[in-house]
2 protein chains.
Amino acid sequence: MNENVFDDPRITAVGLLVEAHAGLTARFTAQYEEHDLSAVEFEVLMRLARSPGNQLRMTDLAAQTSLSTSGVTRVVDRMERDGLLRRRACPSDRRSSYAVVTPAGMQRLDETLPGHLRIIEQWFTGQLEPETLAAMLDGLRRVRDAVHPGATAGSTDQAPTDEPASAC
Amino acid sequence: MNENVFDDPRITAVGLLVEAHAGLTARFTAQYEEHDLSAVEFEVLMRLARSPGNQLRMTDLAAQTSLSTSGVTRVVDRMERDGLLRRRACPSDRRSSYAVVTPAGMQRLDETLPGHLRIIEQWFTGQLEPETLAAMLDGLRRVRDAVHPGATAGSTDQAPTDEPASAC
DNA sequence: TGGCTATAGTTGCTCAGGCAGTCGTTGGGC
DNA sequence: GCCCAACGACTGCCTGAGCAACTATAGCCA
């Protein structure tokens with residue numbers, strides 16, 4: 001193994017992706033904390049808020065986030081305790097339950113989002129000319145489609161409409 | 001707050017970055033595990049292996065990774081126990097100690113790297129035409145430079161030569 | 001030289017999250 | 001209608017990581 005594998009363009013490419021991601025994540029996290037939210041809590045609020053009725057079954061929520069089902073149980077525990085969410089029994093399947101965003105939860109999200117968008121603009125999209133940004137997003141989209149976040153469970157793109165909302 | 005903030009191009013852009021990163025990370029992690037390494041352990045090995053003498057002071061290692069100093073203490077504990085690393089006293093400063101890669105550690109890295117490069121090629125760089133890749137890396141580099149991984153502590157790009165190696 | 005402050009590393013405590021096992025529920029096959 | 005496999009949520013246990021406190025050393029300044 002050669003010493004200069006470290007200068008391999010593939011290593012460099014991954015390094016850039018990882019560092020850009022880490023840097024942005026750090027900025028996001030700092031801003032979430034101003035509104036007493038963690039990154040997962042923000043993700044959960046976003047996922048629920050964009051779902052019909054501001055609710056999702058626990059399992060579906062897990063599938064749409066970076067969490068396992070037990071992880072979801074616990075975040076929802078905390079967020080329910082803090083009044084951002086509540087559980088609602090599923091009338092047609094007594095095994096299932098919904099996580100529903102409360103008005104307080106929606107308000108918290110509304111307070112957090114403008115700053116979040118501002119940070120994205122400031123440190124990400126606003127750093128690049130429109131055509132560079134477009135090229136980059138094109139590349140990211142193709143990588144994303146290749147690695148398919150279906151398994152890893154994605155984050156914040158528009159929901160793929162080809163997945164049934166598993167009506168309940 | 002409007003319903004279709006969720007279709008805001010800024011949200012979409014971040015979503016793509018996060019999902020591409022998450023997908024790649026998952027592939028990497030799976031491959032590391034084939035060689036009994038975690039993601040942090042691989043990162044530590046890479047950082048040390050590219051440093052002069054295959055060693056770094058604990059603090060410097062923390063600064064170059066995604067870990068706090070106490071985190072570094074514990075990873076090094078585990079890796080020392082597994083024979084991948086060893087601690088070495090710093091002759092000129094008795095507070096400091098080096099983490100040094102052992103031959104076994106170098107061998108483990110050598111076994112892991114080819115597969116790692118293959119995965120990068122397969123799911124990332126190989127997915128894009130050279131000019132798309134170049135545009136994307138250009139964008140990532142500018143975002144990275146903006147958010148400056150100095151605070152968040154970066155990952156796998158070549159070490160910025162403007163930082164003193166804090167000779168010991 | 002003596003003392004004071006800053007620094008390097010480690011450790012106790014805490015918390016988030018995953019895995020695997022459990023319990024209740026469902027739906028299909030007979 | 002009964003049984004059994006599959007499924008949804010939850011819980012016990014464990015691991016990894018951060019913060020803050022602590023110890024030892026270093027370097028500075030009077």
Side-chain angles (χ1 to χ4, degrees), chain A residues 22 25-26 29-30 32-33 36-44 55-82 84-100 151-153 155 164-168, chain B residues 22 25-26 29-30 32-33 36-44 48 55-82 85-100 151-153 155 164-168:
Chain A
T25 299
T29 302
Y32 299 150
E33 275 168 11
D36 281 305
L37 287 176
S38 71
V40 275
E41 287 166 349
F42 180 80
E43 193 187 356
V44 164
Q55 60 184 338
L56 232 33
R57 297 186 321 150
M58 303 292 279
T59 305
D60 296 332
L61 185 54
Q64 288 190 22
T65 58
S66 47
L67 292 171
S68 66
T69 61
S70 78
V72 164
T73 295
R74 289 179 171 120
V75 198
V76 172
D77 280 349
R78 295 195 293 271
M79 296 178 75
E80 192 169 31
R81 170 172 51 74
D82 296 346
L84 303 173
L85 257 51
R86 65 184 180 83
R87 283 176 166 87
R88 193 173 73 84
C90 178
S92 62
D93 185 343
R94 289 165 53 192
R95 292 171 304 179
S96 298
S97 58
Y98 285 113
V100 195
T152 325
S155 268
S166 76
C168 185
Chain B
T25 299
T29 302
Y32 298 149
E33 275 169 11
D36 281 306
L37 287 176
S38 70
V40 276
E41 287 166 349
F42 180 80
E43 193 188 356
V44 164
L48 293 177
Q55 61 184 337
L56 233 32
R57 296 185 322 149
M58 303 292 279
T59 303
D60 296 331
L61 186 53
Q64 288 191 22
T65 57
S66 47
L67 293 171
S68 66
T69 62
S70 77
V72 164
T73 294
R74 289 176 171 121
V75 198
V76 172
D77 281 349
R78 296 194 294 271
M79 296 177 76
E80 193 169 30
R81 169 172 51 73
D82 296 346
L85 258 50
R86 65 183 181 82
R87 281 176 167 87
R88 193 174 74 83
C90 178
S92 62
D93 185 342
R94 289 165 55 193
R95 292 170 305 178
S96 297
S97 58
Y98 285 113
V100 195
T152 325
S155 267
S166 77
C168 185

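Only this structure's heavy atoms are used, side chains among them; waters, hydrogens and symmetry mates stay out. Chain naming here is simple, since letters A, B, ... match the order of the sequence lines and numbering starts at 1 in each.
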ask   = What nucleotide among D:dT25, D:dC19, C:dT10 has an atom nearest to a side-chain atom of B:Ser70?
value = D:dC19
query = Could you give the distance from CG (A:Leu61) to OH (A:Tyr98), rounded to the nearest 0.5 Å?
reply = 13.0 Å
query = Under 4.0 angstrom, heavy atoms only, what part of the nucleic acid is B:Ser38 near: base, sugar-phosphate, or nothing?
reply = nothing
message = side chain to side chain contact (heavy atoms under 4.5 Å, CB included), that's the test. Do B:Val100 and B:Leu85 meet it? Break it down for me.
response = CA-CA 5 Å; B:Val100 195; B:Leu85 258 50; over 6 Å; no
note = One should read off an interatomic distance between A:Met79 CE and A:Leu37 CG, to the nearest 0.5 angstrom, of 6.5 Å
message = From the set C:dA8, C:dG17, D:dG18, return the single nucleotide nearest to any side-chain atom of A:Val40.
response = C:dG17
B:Glu43 CD to D:dG16 P, straight-line distance once rounded to whole Å = 16 Å
task = Output yes when at least one side-chain N/O atom of B:Arg94 is less than 4.0 Å from OP1 or OP2 of D:dT25, else no.
result = yes
query = Roughly, in whole Å, what's the span from CG in A:Leu67 to P in C:dC15?
reply = 18 Å
inquiry  = I want to check one thing: is the phosphate of D:dG18, taken as OP1 and OP2, less than 4.0 Å away from some side-chain N or O of B:Ser68?
reply    = yes
request  = Provide, to the nearest angstrom, the distance between the CZ atom belonging to B:Arg57 and the P atom belonging to C:dT10.
outcome  = 12 Å
request  = Return the residues of residues 71-80 of chain B meeting this criterion: a heavy atom under 4.0 Å from some atom of DNA chain D. Order them by number, or give none.
outcome  = B:Gly71, B:Arg74, B:Arg78
task = With the side chain of B:Arg95 defined as its heavy atoms from C-beta on, choose the nearest nucleotide among C:dA8, D:dG8, C:dG17.
result = C:dA8
message = Does this structure show an ion pair linking A:Arg57 with A:Asp60, if we count only N-O contacts that are shorter than 4.0 Å?
response = yes
query = Say you draw a straight line from CG of B:Asp82 to CD of B:Glu41; how long is it, rounded to the nearest 0.5 Å?
reply = 6.5 Å
key: Whole angstrom value for the distance that separates P of C:dG18 from CE of A:Met58   = 13 Å
query = Nearest-Å distance, CD (B:Glu33) to C1' (D:dG16)?
reply = 14 Å
Distance in Å, A:Ser96 OG paired with A:Arg88 CZ, rounded so as to fall on 0.5 Å steps = 11.5 Å
task = Let me know the distance between CG of A:Asp60 and C1' of D:dC7, rounded to the nearest Å.
result = 13 Å
remark   = Which of A:Arg86, A:Arg87, A:Arg74 passes salt bridge (Lys or Arg N to Asp or Glu O under 4.0 Å) with A:Glu80? It is A:Arg87
task = Pick base, sugar-phosphate or nothing for B:Thr69, based on heavy-atom distances below 4.0 Å to the nucleic acid.
result = base
